[in-house]
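Inspection log for the structure reproduced underneath, given as structure tokens.
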Amino acid sequence: MKKAEVFIDGKKSVDLPILTDTMENQALDIRALRQQTGLITYDPGFGNTGSCQSQICYLDGEKGILRYRGYAIEDLVEHCDFIEVAYLLIHGYLPNKKERERYSQLLNRHSLLHADMQSFFRRYPENSHPMSILAAMVVSLSAFYQIDLEEDPELQIDLTVTRLMSKLRTIAAFSYRKMKGFDFVNPSHTYSYCANFLNMMFSSPVVPYEPNPIHVKAMNKLLILHADHEQNCSTTAVRLVGSSEANLYAAISAGICALWGPRHGGANQAVIDMLEQIHNSGENLSKVIERAKDKNDPFRLMGFGHRVYKTYDPRAMIAKKTCEEVLSAMGTSDPLLDIAEELEGVALEDDYFKEKNLYPNVDFYTGIIFRAMGIPTNMYTVMFALGRLPGWIAHWLEWHHDPFERIGRPRQLYMGPAVRVVPPINERE
Ligand code: CMC
């Protein structure tokens, strides 16, 4: 095994093993570092820290490659539906026809929500953000569908995974109906996973509704694009909360909260807000780019940049193509797509964006597709969460079976006052 020698003040202190992964990437194994040298590592944002060994997702940020369990994202989007990809992530292999059918039946069987949970929805204010409802409802599942690990732990985990996969879709659709003030529509076993979701969202007692096959196909693609992305912020939250042995529902709810932020999944909503603002104000695109570069202006070009991708995000490429296909198949256009494409062109020609390798990420074009499907802006991050769920579950399961797993507990450099003595209250300034 290769190793690195660490010298402190010119004196050799420790040999650290160098680990090599399947793709020949190397990592310094620092587990013995503190014990043998007293030193810890300092890595805010964990840009250089490998927190686990994983078999789920591979991404090469320099080459723009993304694979789930070894399959290229382009291949999966073209040849699978979301449920097959969810099965792949969770079980490690693609289902055959029989397994696929059995999985659909299982998801249908668990898709209803406890009637008492439905009454929760009615108490949320009309203007609640659906992400807050989603996170709260998912953690509430642990009260209604308790996990009894005394029984048969693996069977209980299987059941919880299935419930989550099936019920998150129902919760997501109900949160939209609540927002609109409409009655809830229960899931129906006659529809596929995505068509079922669209039916629960848009079905009406007064106007006949049938899910549009163009929307169903687009939704499958979008959910696949979002299904996993290795150790991103929300997946790390799921693993970290899981590492305390909090239950699976609680860990997924933490992932939903982490996803909500505009630097992460919330960016898809922020992109549309930005494009609408440009559209309504007629602001010059060069000015928008100048604002994004100005360090005194908090504004950033939303849907651009990524911690790992230093080239075009492969998901953004698929989303852009899907966006053009959906609008063309629907025989419609969207001025926001024209603005987005123009804005991308201006940014990619700009030296600041070139030097910092800032390219469109997954969130840049997906919102325009959701818009075409009639999904309101504040539901976009909910759609991201629906897609990311199998990835979160797969990572939680991997953590659960990891022989090296320990509670997640980083260290710190303490920069506060060394020692102070409490003065009596009347002597304090
Ligand atoms: N617009 C303008 N400048 C940017 C942008 C942007 N969108 N993104 C990064 N930069 C600059 C940043 O100011 C910094 O400049 P400097 O080196 O002069 O300080 C440099 O590029 C590196 O950025 P960083 O913030 O240190 O990079 P990071 O890896 O910590 O952050 C990011 C990655 C995605 C949070 C960031 O690029 C960003 O805020 N993008 C906009 C929000 C967004 O689209 N998020 C979705 C990410 S993809 C989907 C997901 O993860 O959910």
Side-chain angles (χ1 to χ4, degrees), residues 1-70 92 228-246 251 254-255 258 263-264 295 305-311 313 354-359 391 394-421:
M1 182 189 284
K2 278 210 243 172
K3 56 188 181 178
E5 296 174 21
V6 176
F7 290 82
I8 298 166
D9 290 336
K11 276 210 321 241
K12 186 172 155 189
S13 200
V14 65
D15 282 339
L16 295 177
I18 295 177
L19 309 178
T20 306
D21 73 9
T22 314
M23 307 308 290
E24 301 294 325
N25 295 303
Q26 299 192 327
L28 200 56
D29 178 350
I30 60 156
R31 279 176 292 178
L33 185 67
R34 183 168 180 277
Q35 199 187 24
Q36 303 211 8
T37 66
L39 298 182
I40 60 163
T41 55
Y42 176 61
D43 185 21
F46 312 126
N48 297 288
T49 298
S51 60
C52 60
Q53 298 187 21
S54 183
Q55 303 185 356
I56 302 167
C57 182
Y58 173 71
L59 76 97
D60 181 328
E62 270 70 39
K63 296 194 185 126
I65 293 173
L66 173 61
R67 298 184 194 130
Y68 300 161
R69 304 260 187 208
D228 195 39
H229 216 233
E230 51 122 295
Q231 310 308 321
N232 57 84
C233 177
S234 57
T235 302
T236 301
V238 169
R239 279 185 178 259
L240 193 67
V241 172
S243 82
S244 78
E245 296 190 353
R263 284 179 172 183
H264 192 9
K295 295 290 173 208
H306 197 274
R307 170 63 60 80
V308 184
Y309 291 122
K310 298 304 160 204
T311 184
D313 181 336
K354 281 188 197 165
E355 276 157 25
K356 295 186 191 300
N357 295 315
L358 301 171
Y359 291 86
H395 282 274
W396 187 93
L397 290 171
E398 193 173 65
W399 156 77
H400 181 67
H401 294 112
D402 186 346
F404 301 116
E405 71 85 14
R406 299 173 77 194
I407 187 164
R409 205 301 183 189
R411 290 192 176 256
Q412 63 164 13
L413 294 179
Y414 174 68
M415 304 304 231
V419 183
R420 296 204 279 192
V421 175

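The two residues Gly255 and Ser234 come nearest to each other via the heavy atoms O-CB, 3.3 Å. Taking all atoms of both residues into account, the shortest heavy-atom contact from Ser13 to Thr37 is OG-CG2, 3.3 Å. Scanning all heavy atoms of the two residues, the minimum distance from Pro417 to Tyr414 falls at O-OH, 2.5 Å. Between Ala254 and Ala237, the shortest heavy-atom contact is O-CB, 4.2 Å. The two residues Gln231 and Cys52 have their closest heavy-atom pair at NE2-SG, 3.5 Å. Residue Cys57 comes nearest to Glu230 through the heavy atom pair SG-N, 3.5 Å, listed as atom of the first residue, atom of the second, then distance.
Side-chain contact between Ile40 and Ile30: absent, with no pair of heavy atoms (C-beta onward) separated by less than 4.5 Å. His229 has its side chain out of reach of Val308: every pair of non-hydrogen atoms, C-beta onward, lies at least 4.5 Å apart. A 4.5 Å side-chain heavy-atom check between Trp399 and Ser243 finds at least one atom pair inside the cut-off.
Residue Gln55 places its CD atom among 12 or fewer non-hydrogen atoms of other residues, nucleotides or ligands, all under 6.0 Å distant. Other residues, nucleotides and ligands contribute at most 12 non-hydrogen atoms within 6.0 Å of the CD atom of Gln35. Atom NZ of Lys11 sits in a sparse spot, with 12 or fewer heavy atoms from other residues, nucleotides or ligands closer than 6.0 Å. The number of heavy atoms from other shown groups lying within 6.0 Å of OH (Tyr42) does not exceed 12.
Of the inter-residue distances, the one linking Ile407 atom CD1 with Glu245 atom CD reads 8.0 Å to the nearest 0.5 angstrom. The CG atom of Asp228 sits 6.0 Å away from the CD1 atom of Ile56 when rounded to the nearest 0.5 Å. Within the model, atoms OG1 of Thr49 and CG of Leu28 stand 11.0 Å from one another, a figure rounded to the nearest 0.5 Å. In this structure, the separation between CE on Met23 and OH on Tyr58 is 4.5 Å, given to the nearest 0.5 Å. In this structure, the separation between OG1 on Thr235 and CG on Leu240 is 12.0 Å, given to the nearest 0.5 Å.
Aromatic ring orientation, His400 versus Trp396: parallel (interplanar angle below 30°, classes split at 30° and 60°).
Applying the side-chain contact (heavy atoms from CB on, under 4.5 Å) test between Asp15 and each of Met1, Gln36, Glu5 identifies Glu5 as the sole match.
Checking side-chain atoms of Tyr359 against main-chain N and O of Tyr309 turns up no donor-acceptor pair under 3.5 Å. No side-chain donor-acceptor contact under 3.5 Å links Lys63 to the backbone of Leu59. Under the 3.5 Å distance criterion, the side-chain polar atoms of Asp43 are matched with a main-chain donor or acceptor of Asn48.
At a threshold of 4.0 Å, the pair Glu398-Arg239 counts as salt-bridged, since one of the basic side-chain nitrogens sits closer than that to a carboxylate oxygen.
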